[in-house]
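One structure below.
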Amino acid sequence: MKKPNILLITSDQQHWNTIGAFNKEVKTPNLDRLVKEGTTFTRAYCPNPTCTPTRASIITGQYPSQHGAWTLGTKLPEERHTVGEDLMAAGYRTALIGKAHFQQLQGTEEYPSIESYPYLKDLEFWKSFDDVFYGFEHIELARNHTNEFLVGQHYALWMEDKGCDNWRDYFSPPVGRMDESIRHSWPIPERYHYNTWIAERTNAMLEQYHQNEDSFFLWASFPDPHPPYLVPEPWDRMYDPDSLTIPTVTPGEHVHNPPHFQMTQEDSPDFSAWQETGHPIHGYHSHVIHSEEERKQLVATYYGMISFMDKYIGRILDKLDELGLTDNTIVVFTTDHGHFFGQHGLQFKGGFHYEDLIKVPFIVRYPGQVKAGWQSPAMQSLVDLAPTFLSFAKADIPRTMTGIDQREVWTGKAQHARDHVICEFRHEPTTIHQKTFVDERYKITVYFNQTYGEIFDLQEDPGEIHNLWDDPDARDLKTRLLLKYIWAELGKEPLPMPRVGGA
């Protein structure tokens with residue numbers, strides 16, 4: 001029997017509760033279709049709440065503290081072993097269409113990056129690029145989110161091929177000419193949007209693989225709904241801001257939290273004590289939005305971006321049906337990490353390991369193998385994707401991978417493969433360095449060289465309002481969780497080879 005194909009579809013920075021099947025305020029008919037035809041895992045987590053570390057974990061099966069791309073502005077070392085290499089060795093074709101972000105935006109002589117300037121805008125470079133890139137034998141990349149000046153690579157080539165000679169009018173200076181005062185409504189025509197490009201090029205690869213009877217691992221990587229909050233018409237008017245539930249802070253909830261939580265609620269907080277490398281530190285700034293109208297509009301735009309993306313996810317699912325590939329293709333939909341749009345008074349992302357940021361949407365469809373229309377509480381981590389894909393492909397899982405094979409869980413033969421997850425966030429070498437341990441009920445976050453932390457009872461306090469870290473009645477709980485966290489850290493150390501002798 002032909003090996004199963006693997007189609008990984010990801011968004012970028014999507015809150016776990018933004019699928020229409022579970023949240024009636026947002027419309028996602030195609031993701032709802034996956035929910036109906038597959039299994040939704042309700043306890044799925046990222047290994048790091050930023051892009052590069054988690055994306056590197058997806059392809060290496062290792063945690064950021066192990067594979068080396070420990071934060072934004074770093075890269076995955078080129079010598080790291082990836083799942084694509086193993087799948088190619090097993091006879092698969094491999095491709096990535098969309099956002100990679102395995103490398104940093106500023107290259108140096110010691111640490112070069114082809115996902116940086118001047119490469120991004122060097123269209124001749126990308127026109128002739130044919131190297132294997134981290135286990136993907138074929139890539140077509142875009143590095144920008146909405147109108148960012150980072151536009152270039154294969155996406156810009158595609159726009160030119162489509163006759164969009166004025167594409168710079170839709171992007172920010174210095175590469176583009178767009179008026180940066182424009183908010184929420186992006187004037188780019190839908191036919192030139194990267195959602196259209198990703199679906200079109202993904203479907204072209206599906207047609208090629210089908211024609212050649214190839215087994216494939218194909219990653220369709222959408223950059224939305226990552227801010228800036230911009231979406232073209234008519235999606236910019238799809239949601240009425242006044243009809244949406246707008247998350248907000250609970251008065252007093254940060255009183256017992258570490259100091260950086262409360263500081264985000266100030267107009268001009270001073271986070272200089274946390275700055276160590278001199279580079280921007282995500283989340284360590286004021287999160288205050290004084291305009292209620294703006295708070296509502298950004299949620300409406302965020303939902304519009306999700307619904308717009310959903311349309312083109314549907315185009316890909318339709319192509320699988322058209323080509324007769326659906327029954328033998330494992331489809332996984334997820335995102336790289338979550339997002340704040342007002343929850344706890346926070347915006348975007350940063351060093352705040354609430355469920356809003358570290359829990360992710362996660363759907364698996366594999367007809368006849370994965371139960372349809374089912375919801376499972378079995379814990380998942382995105383670091384598990386690589387070993388699980390290899391398990392389905394009947395390929396050996398490298399001993400250096402520290403993710404867990406979830407195949408038996410996905411197919412319903414086991415209730416769970418892990419009883420906890422760990423999420424890391426090391427954004428500065430020492431001043432911003434934290435790890436979170438989550439089990440079935442509790443969550444504990446510890447900080448390097450700090451005596452403060454967080455403990456939340458997700459069963460009794462699902463909104464994570466009451467931090468139990470300093471609660472005298474929770475001292476025994478704190479001791480137990482710290483021990484379980486230490487055990488989990490010891491348990492995720494890689495064993496590159498088995499012990500084969502006495503000495």
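Computation of the quantities below employed the complete heavy-atom set of this structure, encompassing side-chain atoms and omitting hydrogens, waters and symmetry-equivalent molecules.
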With no hydrogens and no angle check, do the side chains of [X] and [Y] hold a donor and an acceptor under 3.5 Å apart?
X      : Y      : answer
Tyr170 : Arg168 : no
Asp384 : Gln406 : yes
Thr264 : His287 : no

Would you be so kind as to tabulate the donor-acceptor pairs closer than 3.5 Å made by side chains of residues 496-503, with sequence neighbours excluded?
unit_1	atom_1	unit_2	atom_2	d
Arg499	NE	Gly501	O	3.2
Arg499	NH2	Gly502	O	3.2

Counting the benzene-type ring for Trp, do [X] and [Y] have ring centres under 6.0 Å apart?
X      : Y      : answer
Trp487 : Phe437 : no
Phe392 : Trp410 : yes
Tyr194 : Trp197 : no
His282 : Phe348 : no
His260 : Tyr284 : yes
Tyr442 : Phe456 : no
Tyr92  : Phe216 : no
His339 : Tyr302 : yes
Phe333 : Phe362 : no
Phe308 : His193 : yes

